[in-house]
Amino acid sequence: GENVEQHPSTLSVQEGDSAVIKCTYSDSASNYFPWYKQELGKRPQLIIDIRSNVGEKKDQRIAVTLNKTAKHFSLHITETQPEDSAVYFCAASPSNSGNEKLTFGTGTRLTIIP
Amino acid sequence: EAGVAQSPRYKIIEKRQSVAFWCNPISGHATLYWYQQILGQGPKLLIQFQNNGVVDDSQLPKDRFSAERLKGVDSTLKIQPAKLEDSAVYLCASSLEGHSGNTIYFGEGSWLTVV
């Protein structure tokens, strides 16, 4: 089955600086890569996703890059703000019909220092 | 649009007791998932339904966990008997099937503490 590794497990950055979280996956059949943000005691919420037919996707201060050859993808947050503090999870999934099973990484606790 | 609804939000039980969690997915979502999230870890899939059929239950501890989705809408997850290591948040999630079906939406979770 799929195995997703995520680094670092904790990350502290000064407000206004950039944060980068990296993930690797093992199953070459995976072609959907979402990122979830989870605040303490809350549900995981999708913040951005990328499919294997593109190498990069951007949404305001958040961007995700994908390297299918190397089987890794990264989350980039620019101009970080205190409200970006949360746990971030990457995930990978095949997208065969009826089987969009997500395998999650172990999470990165991001702390933005004011 | 209403989100994924779960109940109860919190439950404390003694080991060897039983517990059941309920989930109502987003209207029209054919695929329903139950994930287990142990504190400090990422969610782990327990079982995936497509309508009322099981697609994947390979990581469900079937000696104590069971789940059903009888009419292809609501679902229940049961644990009997509970063990201390079952303490976790049980997240229900749903998604559409088909081309746009990959976006998975989570409920707020049911927090279980086994003492």
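As the structure is a prediction and not an experimental result, all values here were calculated from the model. Naming convention: chains lettered A, B, ... in sequence-line order (proteins, then strands); numbering from 1 in each chain.
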Could you go step by step and tell me if I79(B) and L112(B) meet the side-chain contact (heavy atoms from CB on, under 4.5 Å) rule? CA-CA 11 Å; I79(B) 307 174; L112(B) 174 65; 3.8 Å; yes

Among residues 12-21 of chain A, residues within the sub-4.5 Å heavy-atom range of chain B, in order of number, are none

Regarding Y25(A) and T103(A), is there a side-chain donor-to-acceptor distance under 3.5 Å anywhere? no

Below 4.5 Å from any heavy atom of chain B, which atoms of Q38(A) appear? Answer side chain, backbone, both or neither. side chain

What part of V89(B) gets closer than 4.5 Å to chain A, counting heavy atoms only: side chain, backbone, both or neither? neither

Side chains of Q48(B) and T31(B) in contact at under 4.5 Å (non-hydrogen atoms): yes

Greatest number of non-hydrogen atom pairs under 4.5 angstrom with chain A, of G107(B), S58(B), P43(B), G42(B), falls to P43(B)

Specify the closest pair of heavy atoms between K78(B) and A20(B), including all atoms of both residues, with the distance to one decimal. CG-CB, 3.9 Å

Given that the side chain runs from C-beta out, which part of E108(B) has a heavy atom under 4.5 Å from chain A: side chain, backbone, both or neither? both

Distance alone, cut at 3.5 Å: any donor-acceptor contact between the side chains of E2(A) and S26(A)? yes

Which heavy atom of A93(B) sits nearest to which heavy atom of I104(B), and what is that distance? CB-CG2, 3.5 Å

Please name the pair of heavy atoms, one in D84(A) and one in L110(A), separated by the smallest distance, quoted to 0.1 Å. O-CD2, 3.8 Å

Just so I know, are the side chains of K11(B) and Y90(B) near enough to count as touching, which here means a heavy-atom distance under 4.5 Å? no

